[in-house]
There are 2 protein chains.
Amino acid sequence: MTTEQVDGRSVPTLEAVAARAGVSRATVSRVVNGSTKVTPEVVAAVTRAISDLNYVPNRAARSLASRRTQVIALVVPESTAKVFADPFFASIVQGVALSLADTEYTLNMVISSETNPDKTRRYLMGGNVDGALVVSHHSGDHSYAQLGSTLPIVFGGRPVSEAQHESYFVDVDNVAGSAGAAEHLIERGRRNIALITGPQDMPAGLDRYTGWRRALEAHGLDHTLVEYGDFSPSSGLEAMRRLLAAGRPIDGLFAANDQMAAGAYSAIHEAGLSIPGDIAVVGFDDDNFGLTATPPLTTVHQPSIGLGQAMARVLVRRLAGEPVDRVTLLPTELVVRQSS
Amino acid sequence: MTTEQVDGRSVPTLEAVAARAGVSRATVSRVVNGSTKVTPEVVAAVTRAISDLNYVPNRAARSLASRRTQVIALVVPESTAKVFADPFFASIVQGVALSLADTEYTLNMVISSETNPDKTRRYLMGGNVDGALVVSHHSGDHSYAQLGSTLPIVFGGRPVSEAQHESYFVDVDNVAGSAGAAEHLIERGRRNIALITGPQDMPAGLDRYTGWRRALEAHGLDHTLVEYGDFSPSSGLEAMRRLLAAGRPIDGLFAANDQMAAGAYSAIHEAGLSIPGDIAVVGFDDDNFGLTATPPLTTVHQPSIGLGQAMARVLVRRLAGEPVDRVTLLPTELVVRQSS
DNA sequence: CTGAAAGCGCTAACAC
DNA sequence: GTGTTAGCGCTTTCAG
């Protein structure tokens with residue numbers, strides 16, 4: 001059973017609209033593209049013809065003639081795609097899609113295979129898109145940065161290396177968020193505040209460490225109670241065990257993400273300590289663990305949908321030739337629950 | 001700071017390749033499109049020229065000339081997009097994207113505003129895509145079905161109404177999955193098995209009810225212990241309370257999704273009953289609640305990534321003119337944990 | 001098996 | 001303001 005490319009009533013062309021409105025194709029084009037230099041009456045006539053005929057401009061023809069595609073690629077590394085179910089990432093996509101829905105741009109999702117990154121690169125450079133949004137899950141990998149000189153690109157997450165300083169990116173203000181988390185613990189009267197952070201080659205791990213340290217320093221508190229995890233629950237468990245085993249007093253803990261906080265919960269409980277009685281805990285991310293945890297976790301909420309929206313907005317502005325800051329930092333918000 | 005549409009070294013055209021290979025544009029086109037009717041030597045020469053020049057065909061031009069866009073739209077109703085963070089949905093997107101990555105098709109995500117559905121409709125009908133994938137979260141809403149006669153469409157989830165019988169769709173085998181869940185409870189020796197299902201105007205709610213009922217009937221068991229929820233945890237809580245309040249003996253429960261099972265857990269516990277001691281519980285979906293629940297939830301796993309992949313595959317086959325079944329049902333799998 | 005020629009539907013100078 | 005005229009880069013008959 002072959003699916004014929006049945007035309008039905010074939011799609012009307014600009015030419016048909018022109019004929020019906022009694023004007024030239026150029027004029028129809030002007031109206032469609034919102035040129036101001038058209039008489040109101042003509043605009044009206046053309047508009048009528050358009051809706052009568054149910055005309056929809058053909059994107060391919062338009063692109064070919066205008067040398068603009070009106071397509072924005074959202075590039076997702078395959079490894080990230082594997083954890084697509086990660087709500088943080090899904091929210092970014094959502095934000096991008098929502099934000100682009102109000103524009104003339106079309107969203108093209110590209111999964112870049114890590115085994116064959118050139119395919120994506122070629123696609124992007126082949127003049128098939130007007131710009132690209134690149135997200136590399138929590139990692140700051142700007143390996144597409146080189147393309148930035150030819151194709152407008154906006155990254156999600158700040159680059160790891162300052163060398164890639166040229167890139168445009170949108171990120172959550174991890175430093176401020178972490179500092180706020182630490183401040184909160186301090187306000188709660190905690191003085192021996194430990195940190196479980198992530199790998200220091202990942203911006204999120206590094207920046208959350210920095211924010212925490214700055215806050216403690218500002219209050220003249222000791223900031224050497226540090227352990228490292230890899231953002232997984234089990235690494236949080238291990239890290240907390242090490243912290244506890246060290247024998248130094250601890251009455252507060254900031255975990256660089258909620259998953260590690262979850263692990264820390266277990267370690268704290270297995271040590272017979274209470275939350276927040278003995279140790280007040282604050283996490284980061286505000287993922288779904290926090291709410292269902294016992295006690296519910298105080299955590300730093302990051303605007304993941306907002307991140308996607310901001311990325312799209314920055315790119316669209318760049319494409320419009322409007323001035324945009326290379327760096328866009330989104331504020332976080334401390335969600336206070338019962339763990340602190 | 002305006003972003004110039006700098007050309008850099010402008011993208012090579014087919015013409016350039018033709019010149020370099022010493023053949024006509026038509027021949028290059030044939031090679032690019034894998035026509036068999038070209039001499040091996042010529043193919044080699046053209047291939048060389050292509051890679052030398054780093055040629056990438058221009059999609060717009062190709063579309064315009066061939067009247068094919070090589071674009072597949074993935075339509076997501078805005079309300080669904082709001083719950084984009086729903087891992088089930090995110091997985092479908094992932095499946096679609098992965099599956100399409102191996103084809104010549106490009107994935108175009110479209111968020112269809114419910115307030116202005118015509119915009120999407122026009123876009124789809126405007127010859128801008130070769131086909132569409134429509135997902136309406138758990139709902140079977142095939143309001144785009146009418147377009148199916150003009151544009152090849154594949155739906156995720158079976159249609160609510162049999163009238164829309166024409167549509168192609170891919171769905172999880174809810175009936176079989178639920179029957180399996182009920183069978184499992186029966187095998188565990190449960191005889192008074194209750195059901196909390198979803199709205200009966202949603203295929204998932206209806207089909208999961210059907211599967212459960214058939215299994216009980218097959219074993220001559222009572223199948224009147226039924227309450228309805230709306231797939232939310234709180235509705236599950238309420239439903240379970242009603243079930244318990246009725247005073248009839250219950251030793252097993254099948255909840256039509258894990259969220260409602262979560263609510264049921266609370267109701268069971270607040271009634272001072274144990275899981276699975278007093279009541280064995282089985283859910284459906286295998287979302288992230290199941291693993292972290294106490295006790296971990298036995299549930300029916302549905303292949304959400306597979307669903308997306310299947311949708312893409314079915315559409316691509318249709319577009320290739322290959323025969324495809326209108327209905328594709330994906331098998332579920334019972335994941336036995338400690339709640340049963 | 002390969003080349004020539006004619007567009008695909010639209011935009012963008014350039015005239016009027 | 002509006003029409004005329006060229007193409008944008010590619011596919012596709014149709015000859016040869």
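To find a chain, count down the sequence lines: A is the first, B the second, and so on, and within it residues start at 1.
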Have a look at [X] and say if it touches a base, only the backbone sugar-phosphate, or nothing, with a 4.0 Å heavy-atom cut-off.
X       : answer
A:Val28 : nothing
A:Ser66 : sugar-phosphate
A:Val32 : nothing

Between [N] atom [atom2] and [X] atom [atom1], what is the distance in whole Å?
X       : N      : atom1 : atom2 : result
B:Leu14 : C:dG7  : CG    : P     : 20 Å
B:Glu15 : C:dG3  : CD    : P     : 13 Å
A:Arg30 : D:dG1  : CZ    : P     : 11 Å
B:Gln70 : D:dT11 : CD    : P     : 10 Å
A:Lys37 : C:dA13 : NZ    : P     : 14 Å
A:Arg62 : D:dC10 : CZ    : C1'   : 20 Å
B:Arg25 : C:dT2  : CZ    : C1'   : 14 Å

Is the phosphate of [N] approached by [X] (side-chain N or O, under 4.0 Å from OP1 or OP2)?
X       : N      : value
A:Arg68 : C:dA12 : yes
A:Asn33 : C:dT11 : yes
B:Thr27 : C:dG3  : yes
B:Ser29 : D:dC10 : no

Original post:
Testing A:Val314, A:Thr328, A:Val324 for side-chain contact (heavy atoms from CB on, under 4.5 Å) with A:Val154, which one passes?
Top reply: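 Testing each of A:Val314, A:Thr328, A:Val324 against A:Val154, the sole residue satisfying side-chain contact (heavy atoms from CB on, under 4.5 Å) is A:Val314.
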Original post:
5'-most contact on DNA chain C: B:Ser24 or A:Thr13, nearest heavy atom basis?
Top reply: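 Per heavy-atom nearest nucleotide, the more 5' residue is B:Ser24.
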Heavy-atom pair with the smallest gap, counting every atom of [X] and [Y]:
X        : Y        : value
A:Pro152 : A:Leu319 : CG-CD2, 3.8 Å
B:Pro12  : B:Tyr55  : O-CD1, 3.3 Å
B:Phe169 : B:Gly157 : CB-O, 3.7 Å

Subject >> DNA chain D: 5'-proximal contact among B:Ala60 and B:Ala26 (nearest heavy atom) >> reply: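 Result of the comparison: B:Ala60.
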Measure from the side chain of [X], starting at C-beta and using heavy atoms only, and say which of [options] lies closest.
X       : options                : answer
A:Thr39 : D:dG1, C:dC10, C:dA12  : D:dG1
B:Ala65 : C:dC10, D:dC10, C:dA12 : D:dC10
B:Arg67 : C:dT11, C:dG9, D:dT2   : C:dG9
B:Val23 : D:dG3, D:dT11, C:dG3   : C:dG3
B:Leu64 : C:dG9, C:dT2, D:dC10   : C:dG9

**OP:** Spell out, as yes or no, whether a donor-acceptor pair under 3.5 Å connects the side chain of A:Thr39 to the backbone of A:Glu41.
**Re:**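 Not confirmed, A:Thr39 side chain does not pair with A:Glu41 backbone.
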Subject >> N/O donor-acceptor pair under 3.5 Å between B:Arg318 side chain and B:Ile153 backbone >> reply: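 Flag set: sc B:Arg318 to bb B:Ile153 pair under 3.5 Å.
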**OP:** Determine whether any donor atom in the side chain of A:Arg59 lies under 3.5 Å from an acceptor atom in the base of C:dG9, or the reverse, and answer yes or no.
**Re:**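 Side chain to base: no pair present.
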